[in-house]
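Notes for the one structure printed next.
Everything quoted here is computed from the prediction, not taken from an experiment. Note on naming: letters A, B, ... go to the chains in the order of the sequence lines (proteins, then strands), and numbering restarts at 1 for each one.
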2 protein chains.
Amino acid sequence: MAHSEANQFRKVCEQAGLAVTHQRQVIYDVLCSVEGHPSPEEVYARVKRRIPSISLATVYKNLHLFIDSGIFKQVSLHHGSMRVETNHSRHYHLLCTHCKTIHDIDPELLGLSATPTELPGGFVVERLAVDVLGICKDCQQATPVSVTRQPAAIQ
Amino acid sequence: MAHSEANQFRKVCEQAGLAVTHQRQVIYDVLCSVEGHPSPEEVYARVKRRIPSISLATVYKNLHLFIDSGIFKQVSLHHGSMRVETNHSRHYHLLCTHCKTIHDIDPELLGLSATPTELPGGFVVERLAVDVLGICKDCQQATPVSVTRQPAAIQ
DNA sequence: ATGTGTGCAAATAATTTGCATTGAC
DNA sequence: GTCAATGCAAATTATTTGCACACAT
């Protein structure tokens, strides 16, 4: 069991072109077993229990490698800084995973409509924020499809 | 014209319980006239053209006041730090605008299905990230509806 | 006059980088 | 042996805070 997991990790690394290191393995294990949506600090704290000498920088570097390789994703795309929404009308966002530009899009164009007001578990819905992730025209031309990487994407 | 805009700003401030100051007015004007999804630095740069002595801290403070009052929104909720998505299955997020917790939700429960593969403008869709913004059960009990503020929400 | 708002500088948080050393292949 | 990975400390970026002074009400 533990052996097959280690094997699985070897394959994951091989596909991503990453060396199989102990720290990387433990970070991967932590990510696989942790509940919720851990922050780098949370991952660091958990890994540190098993490898007290681990550095936070190593955790960051590996998280980015995992994300860039499509092994894990980010919960939401970071734009580096806060962005203010100045468009008051109801709309969703078109988000280019290459150049990170944000464009507004009319919900009608997406064919999305359902807007529940209450969900199981007693969660009261205020509104839906929808990000359409993909590649904008400019980036398609700049980066041929064959070269297109799995984006460090939302979700 | 300019007068009615200033009047509108007065009303906005009155409703939010904010004093009408010159810096606040200019920040508001910039937000109303700027294209796209400006960062605090961008807003700062533009305001600085009109008020060279403005401080970045003032811009930040006012952006937060505007957002907390529901006058503007944020493009996406900041969790303070990056979050790793460890759930590999297709799902959306339930995001409490009070306590900021993230829970996964099955797309079926939302009744959302449409997933276009290409959009006008040549944008190639990879996937949809949907955040359902609202108040979780715990926060509803903690904060009676009457007290509920307009959340500093996504979009 | 009273209290909120502003500007400045320092503080904090999150993340990144440079570099010497270590370890994987 | 060679190059990628690690650890550490310093650097950066984004944002927040404390406080004295200025301004709105």
Side-chain angles (χ1 to χ4, degrees), chain A residues 6-7 9-30 37-45 47-48 50-69 71-72 74-84 100 152, chain B residues 6-7 9-30 37-45 47-48 50-69 71-72 74-84 100 152:
Chain A
N7 263 350
F9 176 67
R10 287 198 163 270
K11 278 182 198 164
V12 163
C13 284
E14 190 175 357
Q15 285 216 335
L18 300 173
V20 178
T21 68
H22 184 218
Q23 322 19 22
R24 185 162 289 158
Q25 163 93 67
V26 173
I27 293 169
Y28 180 83
D29 285 355
V30 162
H37 307 83
S39 65
E41 284 285 354
E42 255 174 87
V43 175
Y44 173 61
V47 173
K48 212 173 169 65
R50 291 209 248 159
I51 311 178
S53 65
I54 189 102
S55 134
L56 180 56
T58 298
V59 171
Y60 267 102
K61 284 168 188 169
N62 278 291
L63 291 182
H64 284 304
L65 286 172
F66 287 158
I67 289 164
D68 291 346
S69 312
I71 300 169
F72 290 97
Q74 284 193 73
V75 168
S76 59
L77 238 43
H78 279 200
H79 313 104
S81 64
M82 165 189 173
R83 297 303 184 86
V84 184
K100 314 280 196 234
Chain B
N7 262 351
F9 178 65
R10 286 197 166 272
K11 279 182 196 163
V12 164
C13 284
E14 191 175 355
Q15 286 215 335
L18 299 173
V20 177
T21 68
H22 183 218
Q23 315 32 11
R24 187 163 289 159
Q25 163 93 67
V26 173
I27 293 169
Y28 180 82
D29 285 355
V30 162
H37 308 83
S39 65
E41 286 283 355
E42 254 174 87
V43 175
Y44 173 60
V47 173
K48 211 173 169 67
R50 290 211 247 159
I51 311 177
S53 64
I54 190 102
S55 132
L56 180 57
T58 299
V59 171
Y60 268 103
K61 283 168 188 168
N62 278 291
L63 291 182
H64 284 305
L65 287 172
F66 287 156
I67 289 165
D68 291 347
S69 311
I71 301 170
F72 290 97
Q74 284 193 72
V75 168
S76 59
L77 238 43
H78 281 197
H79 312 103
S81 64
M82 165 191 171
R83 297 303 184 86
V84 184
K100 313 279 195 235

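Side-chain atoms of B:F66 and B:I27, non-hydrogen and from C-beta on, do get closer than 4.5 Å to each other. For the pair A:S55/A:T58, a side-chain contact is recorded, criterion being any heavy-atom separation below 4.5 Å from C-beta on.
Of the listed nucleotides (D:dT15, C:dT15, C:dG7), C:dG7 has the atom at the smallest distance from the side chain of B:S55. Considering only the side chain of B:S81, C:dA14 comes nearest among D:dT15, D:dT17, C:dA14. Listed nucleotides C:dT6, D:dT25, C:dT15 differ in distance to B:V20; the shortest reach to its side chain belongs to D:dT25. Closest contact between the side chain of B:T21 and the listed nucleotides D:dT6, C:dG5, D:dT16 involves C:dG5. Distance from the side chain of A:K61 is smallest for C:dG18 among the nucleotides C:dC8, C:dG18, C:dT16. Listed candidates were C:dT6, C:dG7, D:dA24. Nearest to the side chain of B:S53 is C:dG7. For B:M82, taking side-chain heavy atoms from C-beta onward, the closest of the listed nucleotides D:dT16, C:dT15, D:dT6 is C:dT15.
Nucleotide C:dA14 holds its C1' atom 13 Å from the CG atom of A:L63, rounded to whole Å. Following rounding to the nearest Å, A:D68 (CG) and D:dA5 (C1') show an atom-to-atom distance of 16 Å.
Base engagement by B:T58 is indicated by at least one non-hydrogen atom pair under 4.0 Å involving a base atom. Contact annotation for B:I54: backbone-only contact, meaning every heavy-atom pair under 4.0 Å involves sugar-phosphate atoms and none involves a base. Using a 4.0 Å heavy-atom cutoff across all strands shown, A:A57 reaches at least one base atom of the nucleic acid.
Note on B:R24: a side-chain N or O is less than 4.0 Å away from OP1 or OP2 of C:dT6. Not one side-chain nitrogen or oxygen of B:Y60 sits closer than 4.0 Å to the OP1 or OP2 atom of D:dT16. Side-chain nitrogen and oxygen atoms of A:H64 include at least one within less than 4.0 Å of the OP1 or OP2 phosphate oxygen of C:dT16. Between D:dG7 and A:Q23, a contact under 4.0 Å exists linking OP1 or OP2 to a side-chain N or O.
No donor-acceptor pair under 3.5 Å is formed between the side chain of A:R83 and the backbone N or O of B:P38. For the pair B:S69 (side chain) and B:L65 (backbone), a donor-acceptor distance under 3.5 Å is present. Under the 3.5 Å distance criterion, the side-chain polar atoms of B:R24 are left unmatched by any main-chain donor or acceptor of B:N62.
Positionally, the nearest nucleotide of DNA chain C for B:L65 lies more toward the 5' end than for the other of B:L65 and B:G80.
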